[in-house]
Amino acid sequence: QVQLVESGGGLVQPGGPLRLSCVVSGLNLDYYNIGWFRQAPGKEREGVSCIRSGDGIRYYRDSVKGRFTISRENGKNTFYLQMNSLKPEDTAVYYCATDPICGNNQIIKRRGSWGQGTQVTVSS
């Protein structure tokens, strides 16, 4: 059974950084797209970033471009989301996911698995 565990969330002041981690078991990430999603109170879950398995191309939603970086640790079933210059509107529960649609600037959950989520709160 595929399982994902997110970590690294917390409370941070505006402008600060956080790095989220996702550890995956039961799946070799070398063969799958990976992605990060988030859900703010009262809003639908949305795609944040993803990386394609075949060519390593990365995609980001417009609101985080230039601030967030998705990465994969080669040879390990772990991937990351480095978040810099955080804003209050980034406050949400962040989820990692396996095998999302990732291409043509689309980041969409499909047949893969979710993690349990990690809370990110950006506030003074």
Side-chain angles (χ1 to χ4, degrees):
Q1 184 176 4
V2 177
Q3 293 185 329
L4 298 83
V5 179
E6 300 98 334
S7 63
L11 176 64
V12 63
Q13 294 195 168
L18 282 175
R19 189 180 74 160
L20 306 183
S21 300
C22 180
V23 178
V24 181
S25 61
L27 188 71
N28 186 345
L29 293 184
D30 291 345
Y31 300 100
Y32 295 92
N33 301 335
I34 53 171
W36 288 95
F37 297 75
R38 67 186 181 186
Q39 187 168 19
K43 295 186 177 181
E44 298 294 322
R45 197 170 298 185
E46 64 184 17
V48 176
S49 183
C50 63
I51 181 168
R52 288 205 310 226
S53 64
D55 53 20
I57 293 177
R58 296 163 168 83
Y59 293 96
Y60 301 90
R61 71 181 302 107
D62 287 344
S63 62
V64 308
K65 287 180 179 177
R67 299 189 296 120
F68 290 12
T69 303
I70 188 171
S71 63
R72 181 198 306 268
E73 189 166 355
N74 291 339
K76 297 182 179 180
N77 286 353
T78 305
F79 60 100
Y80 307 93
L81 185 68
Q82 178 67 49
M83 305 184 293
N84 297 324
S85 302
L86 282 162
K87 304 175 180 180
E89 51 263 44
D90 295 317
T91 295
V93 178
Y94 284 70
Y95 301 86
C96 57
T98 56
D99 202 27
I101 295 172
C102 182
N104 196 29
N105 290 314
Q106 295 186 89
I107 308 163
I108 303 171
K109 178 69 168 63
R110 51 177 182 179
R111 60 196 175 193
S113 300
W114 294 113
Q116 83 289 344
T118 185
Q119 177 71 49
V120 173
T121 302
V122 185
S123 176
S124 298

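The structure presented is a predicted model; accordingly, all values stated were derived computationally and were not measured. In what follows, every heavy atom counts, from backbone to side chain, and hydrogens, waters and symmetry copies are set aside.
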- Query: Rounded to the nearest 0.5 Å, how far apart are NZ of Lys87 and OG of Ser63?
  - Reply: 8.0 Å

- Message: To the closest 0.5 Å, what do you measure between CD (Glu44) and CD (Gln39)?
- Response: 6.5 Å

- Would you mind checking if Lys65 and Asp62 are paired as a salt bridge, meaning a charged N to carboxylate O distance below 4.0 Å? yes

- Item | Pairwise side chain to side chain donor-acceptor pair (under 3.5 Å) hits with a residue in residues 115-124, at least two apart | Glu6-Gln116, Gln119-Thr121

Ignoring hydrogens, what is the shortest heavy-atom contact between [X] and [Y]? Give both atom names and the distance.
| X | Y | value |
| --- | --- | --- |
| Cys102 | Arg52 | O-CD, 2.9 Å |
| Cys96 | Leu4 | SG-CD2, 3.7 Å |
| Leu81 | Ser49 | CD1-CB, 4.2 Å |
| Arg58 | Ser71 | NH2-CA, 4.1 Å |
| Gly35 | Pro100 | N-CG, 3.9 Å |

Non-neighbouring partners of [X] that pass side-chain contact (heavy atoms from CB on, under 4.5 Å), sequence neighbours left out:
| X | answer |
| --- | --- |
| Val12 | Leu18, Leu86, Val122 |
| Lys43 | Ala40 |
| Asp99 | Tyr32, Arg110, Arg111 |

So, the side chain of [X] versus the backbone of [Y]: is there a donor-acceptor pair under 3.5 Å, distance only?
| X | Y | value |
| --- | --- | --- |
| Ser113 | Gln3 | no |
| Asn77 | Ser25 | no |
| Arg72 | Leu29 | yes |
| Arg61 | Gly47 | yes |

- Task: Answer whether the closest heavy-atom distance between the side chains of Arg38 and Asp90 falls below 4.5 Å.
- Result: yes

- Query: Less than 4.5 Å apart, any side-chain heavy atom of Lys109 and any of Arg45?
  - Reply: no

- Message: Given Trp36, which partner from the list Phe68, Tyr60, Tyr80, Phe79 fulfils the ring pair (Phe, Tyr, Trp, His ring centres under 6.0 Å) test?
- Response: Phe79

- Under 4.5 Å side-chain linkage, directly or through intermediates, the cluster mates of Ile108: Ile101

- Among Ile, Leu, Val, Met, Phe, Trp and Tyr joined by side-chain contacts under 4.5 Å, find the other residues sharing a cluster with Phe37 and list them by chain and number. Ile57, Tyr59, Val93, Tyr95, Ile107, Trp114

- Message: Assess the residue pair Leu20 and Val120 against the criterion (side chain to side chain contact (heavy atoms under 4.5 Å, CB included)); give the C-alpha distance rounded to whole Å, side-chain angles, the decisive distance to 0.1 Å, and a yes or no.
- Response: CA-CA 9 Å; Leu20 306 183; Val120 173; 4.1 Å; yes

- State plainly whether one hydrophobic cluster holds both Ile70 and Tyr31, where clusters connect Ile, Leu, Val, Met, Phe, Trp and Tyr through side-chain heavy atoms under 4.5 angstrom apart. yes

